[in-house]
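Each remark here refers to the structure printed beneath this line.
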Amino acid sequence: MANWVTGKIIKNHKWTDSLFSLILEAPIKPFIAGQFAKLALEINGQRIQRAYSYVNTPFDNQLEFYLVTVPEGKLSPHLAALKPGDPIYITEEAAGFFVLEELPDCETLWMLSTGTAIGPYLSILQFGENLARFKQIILVHAVRYAEDLSYLPLMQTIAKKYPGKLKIQTIVSRENNTGSLTGRIPALIESGQLEQAVKAKIDPLTSHVMLCGNPQMVKDTQQLLKTQRGMDKHLRRKAGQITSEQYW
Ligand SMILES: Cc1cc2nc3c(=O)[nH]c(=O)nc-3n(C[C@H](O)[C@H](O)[C@H](O)COP(=O)(O)OP(=O)(O)OC[C@H]3O[C@@H](n4cnc5c(N)ncnc54)[C@H](O)[C@@H]3O)c2cc1C
Ligand SMILES: NC(=O)c1ccc[n+]([C@@H]2O[C@H](COP(=O)([O-])OP(=O)(O)OC[C@H]3O[C@@H](n4cnc5c(N)ncnc54)[C@H](OP(=O)(O)O)[C@@H]3O)[C@@H](O)[C@H]2O)c1
């Protein structure tokens, strides 16, 4: 049974009508970059809980989560309405295996995300530990509209810390945006456009691919990488080249 502690909202930053970041303080136990906590609220006498990935690093005192309001969702619209000073329940211990420690060494690490799933990569990259194991890292954020690229300035700041090593690429699916590829992750891999844009190859002998976010994106990309590149899921009992986390 999860142990819950009570935290306090410090800030609710609105990026767009549907995207927001919660900054809170809570007496949690140390977590590993890439892991998630569960957040919960009492709604009509019932505690509703959901998983959210840490965006901040394990050494930050303030905790940060990046969220989208799911219309008709049971919890996210209530989280979107939180104000500074409001209480929030959070699991004391984090969970999840979407962490660098679970990955084999490789030359090129691909970090692919849709929507709010950029979060765990920001935690891992801001923390910066364990990155020497990879020659280059490609961080990809795929969203519907350019205004959904909330963390692009942070992505650019982190990339400057790792010149020649960390490349960032944005993808926008529903409009054209300068500097972004247009379309969806699997189609842009299949056509070769993503690799061309970042000048790197998704090669099963030298690459590992992390996939996070929309479950259909995860499934479609996994399927494509299997059929087109012969890549398999990485398991503790059987090494592979793909590690994934689905948000629903
Ligand atoms: C390991 C893990 C980590 C997660 N981390 C985050 C995170 O950092 N930020 C975040 O916003 N969500 C995250 N989620 C999703 C989150 O747990 C909730 O599912 C989400 O907030 C919706 O909850 P709800 O009660 O409002 O909607 P519900 O009433 O539970 O409705 C669920 C439906 O909402 C849609 N949905 C759920 N999550 C998302 C999402 N992130 N983006 C787009 N559509 C979605 C799907 O259609 C899903 O069927 C994570 C989920 C998992 C399993
Ligand atoms: N983002 C917004 O502006 C916005 C506004 C209001 C409400 N919402 C609500 O927020 C929720 C989440 O929206 P979101 O935009 O954060 O997440 P999302 O729907 O998962 O979309 C994020 C990105 O993933 C892409 N994608 C979806 N399915 C895919 C697949 N099978 N393969 C590859 N890529 C795929 C989308 O492309 P496509 O565009 O091609 O689907 C988009 O580029 C939804 O319930 C939505 O109704 C979002």
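Everything numeric in this text was worked out from a predicted model, so none of it was measured. Start at 1 and go down the list; that is how both ligands and their atoms are numbered.
Within a 4.0 Å radius of atom 32 (C) of ligand 1, the protein contributes no heavy atom.
Between I202 and T108, the closest side-chain pair of non-hydrogen atoms is not below 4.5 Å. With contacts defined as side-chain heavy-atom distances shorter than 4.5 Å, the pair L181/Q169 qualifies. Side-chain atoms of T16 and Y145, non-hydrogen and from C-beta on, never get closer than 4.5 Å to each other. Side-chain contact check for L41 versus L82: some heavy-atom pair is nearer than 4.5 Å.
More than 12 heavy atoms of other shown residues, nucleotides or ligands fall within 6.0 angstrom of atom NZ in K165. The environment of CG in D105 is crowded: more than 12 heavy-atom neighbours from other residues, nucleotides or ligands sit within 6.0 Å. The 12-atom threshold is exceeded at NZ of K14, counting heavy atoms of other residues, nucleotides or ligands nearer than 6.0 Å. Residue K167 places its NZ atom among more than 12 non-hydrogen atoms of other residues, nucleotides or ligands, all under 6.0 Å distant. Annotation for F97: atom CZ does not count as buried by contact number, only 12 or fewer foreign heavy atoms lying within 6.0 Å. Counting heavy-atom neighbours within 6.0 Å of Q228 CD, excluding the residue itself, gives a total above 12.
The closest protein non-hydrogen atom to atom 42 (C) of ligand 2 is S173 OG, 3.5 Å. Of all protein heavy atoms, the one lying nearest to atom 4 (C) of ligand 2 is S18 OG, 3.4 Å. Nearest protein heavy-atom contact of atom 23 (C) of ligand 2 is A142 O, 3.7 Å. Looking only at protein heavy atoms, the nearest one to atom 21 (O) of ligand 2 is R144 NE, 3.8 Å. With hydrogens left out, the protein atom closest to atom 23 (O) of ligand 1 is R50 NE, 3.5 Å, a heavy atom. Of the protein's non-hydrogen atoms, Q246 O, 3.6 Å is the one closest to atom 53 (C) of ligand 1. For atom 21 (O) of ligand 1, the closest heavy atom belonging to the protein is Y52 OH, 2.6 Å. Looking only at heavy atoms of the protein, atom 45 (O) of ligand 2 is closest to P71 CD, 3.7 Å. When only non-hydrogen protein atoms are considered, atom 27 (O) of ligand 1 lies nearest to G73 CA, 3.4 Å. Regarding atom 26 (O) of ligand 1, its nearest protein heavy-atom neighbour is S76 OG, 2.6 Å. In terms of protein heavy-atom proximity, atom 25 (C) of ligand 2 is closest to T114 CG2, 4.2 Å. Regarding atom 29 (O) of ligand 1, its nearest protein heavy-atom neighbour is K74 N, 3.0 Å. For atom 32 (N) of ligand 2, the nearest non-hydrogen atom of the protein is M217 CA, 3.4 Å. Nearest to atom 11 (C) of ligand 2 among the protein's heavy atoms is V68 CG2, 4.0 Å.
Residue Q216 approaches ligand 2 through these ligand atoms, each under 4.0 Å from one of its heavy atoms: 31 (N). Every atom of ligand 2 with a heavy atom of T69 under 4.0 Å away is listed here by number and element: 9 (C), 10 (O).
Put simply, M111 and F98 are part of the same group of oily side chains (I, L, V, M, F, W, Y) that touch within less than 4.5 Å, one to the next. L112 and I158 end up in different hydrophobic clusters when Ile, Leu, Val, Met, Phe, Trp and Tyr side chains are linked at under 4.5 Å.
At a heavy-atom distance under 4.0 Å, only side-chain atoms of R174, from C-beta outward, approach ligand 2. Within the 4.0 Å heavy-atom criterion, the part of W248 lying near ligand 2 is the side chain and not the backbone. Contacts between V70 and ligand 1, counted as non-hydrogen atom pairs separated by less than 4.0 Å, involve the side chain only. Within the 4.0 Å heavy-atom criterion, the part of V143 lying near ligand 2 is the backbone and not the side chain.
Distances from atom 11 (O) of ligand 1 to the heavy atoms of N214, I48, V68 put V68 nearest. Taking each of D220, L224, N214, D17 in turn, the one with a heavy atom nearest to atom 20 (O) of ligand 2 proves to be N214. Here atom 41 (N) of ligand 1 lies nearest to T116 when heavy atoms of T114, L39, T116 are compared. The heavy atom nearest to atom 7 (C) of ligand 1, out of those in Y247, Y54, F20, F65, is found in Y247. For atom 45 (C) of ligand 1, the nearest non-hydrogen atom from the set F36, Y66, W248 comes from W248.
Side-chain atoms of Y247 and S53 form a donor-acceptor pair, as typed in the model, at a separation below 3.5 Å.
Under 4.0 Å is where a charged nitrogen must lie from a carboxylate oxygen, and between K8 and E25 no such pair does.
Considering backbone and side-chain atoms alike, S53 places an N or O below 3.5 Å from some N or O of ligand 1. Taking distance alone, with nitrogen or oxygen atoms compared against 3.5 Å, E245 stays at or beyond that limit from ligand 1. Between A51 and ligand 1, a contact under 3.5 Å exists for at least one N or O pair. Between R184 and ligand 2, an N or O atom pair is found at a separation short of 3.5 Å. Residue contacts with ligand 2: D148 is placed with a nitrogen or oxygen under 3.5 Å of a nitrogen or oxygen of the ligand (distance criterion only). Every N/O-N/O distance between E72 and ligand 1 stays at or above 3.5 Å.
For the pair L19 and ligand 2, no heavy-atom separation below 4.0 Å is found. Note on ligand 1: H78 sits outside its first shell, no heavy atom being nearer than 4.0 Å.
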Next on the checklist: Would Y66 and S150 count as a side-chain hydrogen bond (donor to acceptor under 3.5 Å, both in side chains) here? Give the steps.
Outcome noted: CA-CA 9 Å; Y66 180 44; S150 317; 2.6 Å; yes
Next on the checklist: Working note: L79 + I88, criterion side-chain contact (heavy atoms from CB on, under 4.5 Å); need CA distance, chi angles, decisive distance, verdict.
Outcome noted: CA-CA 9 Å; L79 293 172; I88 183 167; 3.8 Å; yes
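A distance of 9.5 Å separates CG in L109 from CG in L139, rounded to the nearest 0.5 Å.
A ring-centre distance under 6.0 Å is not found for Y54 and F36.
Between Y52 and F65, the two ring planes are perpendicular [angle over 60°; tilted spans 30° to 60°].
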